[in-house]
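In what follows, chains are A, B, ... by sequence order, proteins preceding strands, each numbered from 1. These numbers come from a predicted model, not from an experiment.
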Number of protein chains: 2
Amino acid sequence: MTPKVTKKSEATRAHILQTALGLFQEHGFEKTTMRMIALACDLSLGAAYYHFKTKEELVLQFYAETGAEARSHNGTITAASRDFKTRLKALLQFKFTQMAPFRELASVLARQATDWRNPLSPFSAETRPMRDEAIGLIEEVLEGSNVKVSAPLRPHLAKMLWLYQMGVILFWMNDPSPEQRRTEELLDLSLALLHRLLQASTLPFMRGVNQSAVRIVELVEGLAPTGEEET
Amino acid sequence: MTPKVTKKSEATRAHILQTALGLFQEHGFEKTTMRMIALACDLSLGAAYYHFKTKEELVLQFYAETGAEARSHNGTITAASRDFKTRLKALLQFKFTQMAPFRELASVLARQATDWRNPLSPFSAETRPMRDEAIGLIEEVLEGSNVKVSAPLRPHLAKMLWLYQMGVILFWMNDPSPEQRRTEELLDLSLALLHRLLQASTLPFMRGVNQSAVRIVELVEGLAPTGEEET
DNA sequence: GTCTATAACACGATAGAC
DNA sequence: GTCTATCGTGTTATAGAC
């Protein structure tokens with residue numbers, strides 16, 4: 001995805017990213033040009049493009065780094081409470097806190113998300129490691145929590161919740177209320193709803209619902225990573 | 001949104017759109033340039049831009065016209081069956097048949113969808129008429145059908161199903177299986193799931209779930225149309 | 001007022017020399 | 001790994017023809 005990792009290259013890459021993030025924050029993503037970024041780094045335009053093939057790749061790199069940060073924060077979350085809703089809310093809120101200064105960038109990433117063949121999409125084969133890590137974080141939060149869910153659903157729960165997370169992020173990106181207070185309301189409501197629904201999944205007459213749900217997740221999952229024939 | 005409607009203008013507009021659609025089909029959206037479109041129409045580049053402010057607006061216009069077509073097909077659907085699942089499946093499948101030759105264009109539209117302030121987004125204030133029409137079509141399909149759902153949910157059901165529709169379309173866009181057979185599987189599974197869940201919503205102990213669901217739809221709805229203060 | 005043409009701009013991206 | 005030079009494209013400015 002990126003050139004081989006040498007000391008020099010890595011330092012330059014980091015420098016470009018930091019500079020770009022600053023400029024994005026100041027002028028916004030669209031109005032910040034690659035020429036501005038290169039100039040601010042005392043580099044030529046071509047050099048900047050050597051390190052990042054596209055402007056959007058800068059955003060993906062930023063997102064990848066927030067992932068690492070989130071990993072180290074996950075322990076704090078699991079230590080603080082065993083409650084499913086509390087934990088998941090904390091996980092999502094941490095993501096929001098991280099990305100808050102760069103809310104617009106989330107939108108840039110979401111734009112790529114719709115085409116799953118786009119290497120920069122969160123659903124693409126190329127971003128699979130990042131996706132798996134994010135799902136792993138959710139799984140960690142589930143393990144040892146008080147979540148109640150039917151047996152057949154349990155192995156797919158983290159993947160389901162990752163999709164749920166995507167939806168909440170989409171809402172958050174577009175939430176114009178001060179400090180995104182509506183997102184918090186959405187979070188509380190949807191987590192309560194989810195909790196009840198998962199509880200209900202253990203009921204005997206929900207067997208059919210469970211089977212359908214599992215198969216749906218598998219279908220969505222099957223679309224994402226493997227490149228198949230087209231029509 | 002567009003210049004005043006005179007005979008001449010409307011004819012040219014239609015001609016540009018038709019030509020563009022042909023070129024999109026032949027070369028794809030990205031590789032088709034505005035210059036190509038203008039040339040194929042025996043128009044100057046400036047003239048083309050007089051009629052369509054952006055390249056993406058061509059796609060929106062196409063989408064708007066499929067909406068009108070779908071309206072006239074809705075009667076056939078409601079006449080054919082009273083079954084909720086059958087009707088909704090027919091509605092969605094008709095949309096897919098319409099858009100099948102231009103599947104890539106759906107993706108172009110989806111790209112705009114993520115930023116709800118973008119006038120071309122299906123969630124924007126500007127596209128509200130189109131959105132309302134689409135929801136109206138779903139409401140028509142619900143009325144007189146055998147759908148079973150709790151009373152508090154019923155007034156919001158069409159809006160909920162419109163969101164569901166958006167999800168299915170996203171899947172369809174990215175479905176690489178021949179003739180998008182997986183989308184049909186998804187359709188059957190998700191409709192069955194939906195049906196059961198709506199049935200379950202009438203159960204007494206689902207009161208809380210109903211309330212949460214209604215409020216969530218209202219939150220999403222409230223984000224879309226009204227331009228509010230930013231942060 | 002409605003429509004069209006010409007010219008130019010800005011920016012993302014690339015080619016090829018060093 | 002960095003440079004300079006250049007391209008292609010979406011979009012805009014502007015002037016004027018019907």
Side-chain angles (χ1 to χ4, degrees), chain A residues 1-17 19-21 23-24 26-62 104-105 107-109 111-112 115 118-120, chain B residues 1-17 19-21 23-24 26-62 104-105 107-109 111-112 115 118-120:
Chain A
M1 200 160 195
T2 49
K4 294 278 171 286
V5 182
T6 68
K7 297 276 165 52
K8 177 80 173 293
S9 173
E10 199 163 344
T12 315
R13 232 180 109 85
H15 183 218
I16 294 173
L17 180 60
T19 311
L21 286 176
L23 289 171
F24 288 158
E26 192 174 355
H27 306 109
F29 179 78
E30 304 261 284
K31 306 208 84 171
T32 303
T33 75
M34 288 299 276
R35 284 165 179 82
M36 286 166 66
I37 297 171
L39 190 69
C41 290
D42 278 311
L43 279 175
S44 74
L45 181 60
Y49 269 105
Y50 172 81
H51 293 282
F52 294 92
K53 266 187 262 304
T54 68
K55 198 178 165 185
E56 282 81 8
E57 199 178 310
L58 282 161
V59 183
L60 187 67
Q61 183 61 38
F62 161 69
E104 190 200 4
L105 296 189
S107 183
V108 174
L109 221 56
R111 206 179 304 159
Q112 323 269 328
D115 180 5
N118 186 144
L120 268 42
Chain B
M1 201 164 192
T2 48
K4 293 281 173 284
V5 182
T6 69
K7 298 276 163 55
K8 179 78 173 297
S9 172
E10 199 164 343
T12 314
R13 231 180 110 87
H15 182 219
I16 294 173
L17 180 61
T19 310
L21 286 176
L23 289 171
F24 288 158
E26 192 174 354
H27 306 109
F29 179 77
E30 302 262 285
K31 305 207 82 170
T32 303
T33 74
M34 288 298 276
R35 284 166 180 83
M36 286 167 65
I37 297 171
L39 190 69
C41 290
D42 279 309
L43 278 176
S44 73
L45 182 62
Y49 267 103
Y50 172 80
H51 294 282
F52 293 93
K53 268 190 263 303
T54 69
K55 198 178 167 186
E56 282 80 9
E57 199 178 309
L58 281 160
V59 183
L60 187 68
Q61 183 61 39
F62 161 69
E104 190 201 4
L105 296 189
S107 183
V108 174
L109 219 57
R111 202 152 53 204
Q112 323 269 327
D115 180 5
N118 186 146
L120 267 42

Engineer: Could you please spell out the steps behind the side-chain contact (heavy atoms from CB on, under 4.5 Å) verdict for B:Leu120 and B:Thr54?
Structural biologist: CA-CA 10 Å; B:Leu120 267 42; B:Thr54 69; 4.0 Å; yes

Engineer: Whole angstrom is fine here: how far is it from NE2 in A:His15 over to P in D:dG1?
Structural biologist: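 Those two atoms, NE2 and P, are 16 Å apart.
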
Engineer: Can you check the A:Met36 CE to C:dA10 C1' distance for me, whole Å?
Structural biologist: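 Rounded to the whole Å, the gap is 13 Å.
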
Engineer: Across nucleotides 3-15 of chain D, 5' to 3', mark each nucleotide with B, S or - according to how protein heavy atoms within less than 4.0 Å reach it.
Structural biologist: BB----BBBB---

Engineer: For the residue pair B:Ala48 and B:Ala38, what are the closest heavy atoms and their distance?
Structural biologist: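 Looks like CB-CB, 4.1 Å.
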
Engineer: Checking the side chain of A:Lys55 only, and the main-chain atoms of A:Thr32 only, is there a donor and an acceptor separated by less than 3.5 Å?
Structural biologist: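 Pair found, side chain donor or acceptor close to backbone of A:Thr32.
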
Engineer: Return the value, rounded to whole Å, for the distance between atom CG of A:Leu23 and atom C1' of C:dG12.
Structural biologist: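 Value for this atom pair: 16 Å.
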
Engineer: Whole angstroms only, please: what is the CG-C1' distance between A:Leu39 and D:dT2?
Structural biologist: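 In whole Å, D:dT2 C1' lies 15 Å from A:Leu39 CG.
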
Engineer: Taking only N and O in the side chain of A:His51, is any of them less than 4.0 Å away from OP1 or OP2 of D:dT2?
Structural biologist: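 Affirmative; the distance criterion is met.
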
Engineer: With a 4.0 Å cutoff (strictly under), does any side-chain N or O of B:Tyr50 reach OP1 or OP2 of C:dT4?
Structural biologist: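 Answer no for this pair, as no side-chain N or O of B:Tyr50 is under 4.0 Å from OP1 or OP2.
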
Engineer: With no hydrogens and no angle check, is any side-chain donor or acceptor of B:Glu56 less than 3.5 Å from a backbone partner on B:Leu109?
Structural biologist: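 Not confirmed, B:Glu56 side chain does not pair with B:Leu109 backbone.
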
Engineer: CE/A:Met34 to CD1/A:Ile16 distance, rounded to the nearest 0.5 angstrom?
Structural biologist: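 Here the rounded value is 7.5 Å.
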
Engineer: When the distance from CG of A:Leu120 to C1' of C:dA13 is rounded to whole Å, what number comes out?
Structural biologist: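 Value for this atom pair: 15 Å.
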
Engineer: Check this for me, if you would: do B:Arg111 and B:Glu30 make a salt bridge, where the nitrogen-to-carboxylate-oxygen distance has to be below 4.0 angstrom?
Structural biologist: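 Salt bridge flag = yes for B:Glu30 with B:Arg111.
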
